[in-house]
Amino acid sequence: MAGRFAPRPTRTTVRGGHVPVPRSLDTAQDLDLGLTLGPLRRGPADPTFRATPDGSVWRTGRTPDGAGTLRVRIEGGRAAAEAWGPGADWLLDRLPALLGAEDDPAAFVPRHKLLLATHRRRPGLRLTRTGLVLESLIPSVLEQKVTTNEAYGSWRVLVRKFGEPAPGPAPEGMYVMPDARTWTQIPSWEWHRANVDGKRAATIVRAARVAARLEEAVEMDGPAARRRLELIPGIGPWTSAETIQRSNGAPDEVTTGDLHLPGIVGWALAGDRTADDEAMLELLAPYAGQRHRAARLILLSGRVPPRRAPRMTPGDIAGL
């Protein structure tokens with residue numbers, strides 16, 4: 001029965017979930033844009049990401065060459081893309097990696113019936129690789145120890161206020177995130193108005209000050225890249241994994257320290273909703289090298305434990 005129903009939109013399922021992208025008759029069967037690019041969206045009103053009714057996915061990026069807007073769609077079984085702005089060429093050059101060309105789904109061997117069934121139902125899943133660290137790191141820091149809606153709201157406020165309008169004919173309301181220098185110059189009261197506490201704000205500022213060194217992590221393997229990020233006070237295993245999964249397309253970097261994920265994995269694979277990180281890693285051990293993909297497939301299966309407690313109450317720093 002689990003596979004017949006979509007998972008509840010907990011923070012974990014939203015991060016690794018499926019963005020609805022309308023399909024046309026000529027959509028490629030071996031690539032699902034919604035599954036592949038979905039983890040890059042930070043909420044349904046993310047100003048840097050948009051899925052439109054014509055089946056296109058729009059996203060903006062702060063590339064080494066500057067701001068850029070990318071539109072991707074499937075035409076005749078092939079990916080077609082357009083880009084605008086100073087970062088257009090950079091985005092187009094890295095389009096194959098963004099769409100999972102460097103991913104190897106054949107390396108995943110299901111060892112549980114649930115994962116076998118989900119893997120067959122989701123053949124278009126590819127692990128994206130953006131090649132950009134800061135654009136995934138900052139929203140991941142914003143998600144530390146708060147509700148999903150709080151983090152997404154903070155991201156929207158900061159990007160719209162301190163970013164710049166998306167280049168080209170992007171859908172209305174799209175913006176490019178601020179550059180590293182701008183993040184370091186946001187006044188303390190603006191972080192407060194965006195519902196971001198001082199600890200998370202300070203972590204983002206520290207990271208932005210050494211953005212060039214952090215961006216070097218895209219050329220490293222997963223463990224080395226995470227070590228580079230975790231040199232910044234305030235960035236731990238949870239944040240580094242969430243970042244490297246997107247920037248590096250790392251198939252084995254499973255998220256630890258998450259409030260929901262261990263229980264979801266434990267429930268799906270062993271019927272244990274009380275599983276902790278240690279138990280989760282033990283259950284995922286047969287998928288060494290592909291543990292992140294295994295965790296995503298579990299989230300996509302819809303097999304989650306019944307809720308026993310009310311949702312976490314959102315905070316209101318801006319109202320203090």
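Just so you know, these numbers come straight off a predicted model, no measurement behind them.
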Residues [X] and [Y]: side-chain donor-acceptor under 3.5 angstrom:
X    : Y    : result
E143 : S140 : no
N149 : T147 : no
R226 : S240 : yes
D258 : W238 : yes
Q245 : T255 : yes

- Task: Kindly write out the residues that satisfy salt bridge (Lys or Arg N to Asp or Glu O under 4.0 Å) with R126, not counting sequence neighbours, or none if the list is empty.
- Result: none
- Message: Using the salt bridge (Lys or Arg N to Asp or Glu O under 4.0 Å) criterion, which residues pair with D179? Sequence neighbours excluded.
- Response: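 Partners of D179 under the salt bridge (Lys or Arg N to Asp or Glu O under 4.0 Å) test: none.
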- Note on the structure: Only one of R42, R62, R59 passes side-chain hydrogen bond (donor to acceptor under 3.5 Å, both in side chains) with E135, and that residue is R59
Do the side chains of [Y] and [X] get nearer than 4.5 Å, heavy atoms only?
X    : Y    : value
D65  : D89  : no
I244 : V218 : no
K161 : R193 : yes
I298 : T118 : no

Hey, does the side chain of [X] reach the backbone of [Y] with a donor-acceptor pair shorter than 3.5 angstrom?
X    : Y    : result
D252 : G289 : yes
Q144 : G234 : yes
R200 : L142 : yes

- Check the pair L92 / L70 against side-chain contact (heavy atoms from CB on, under 4.5 Å), numbers first and verdict last. CA-CA 8 Å; L92 290 174; L70 178 70; 3.9 Å; yes
Taking only Lys NZ, Arg NE, NH1 and NH2, and the carboxylate oxygens of Asp or Glu, determine whether [X] and [Y] approach each other closer than 4.0 Å.
X    : Y    : value
R227 : E230 : no
R73  : E75  : yes
R293 : D104 : no

- Of all the heavy-atom pairs spanning P86 and G66, show the shortest one and how long it is.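 Nearest pair, atom of P86 first, then G66: CB-CA, 4.3 Å.
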- Item | Minimal non-hydrogen separation, P262 against D277, with atom names | CG-OD1, 3.2 Å
- Task: State which residue, out of L132, I138, T182, T60, fulfils the side-chain contact (heavy atoms from CB on, under 4.5 Å) condition with M177.
- Result: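 For M177, the side-chain contact (heavy atoms from CB on, under 4.5 Å) check succeeds only for I138.
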- Item | Gap between atom CH2 of W183 and atom CZ of R209 - 0.5 Å precision | 14.5 Å
- Is the gap between the ring centers of H112 and Y287 under 6.0 Å?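 H112 vs Y287: aromatic centres under 6.0 Å.
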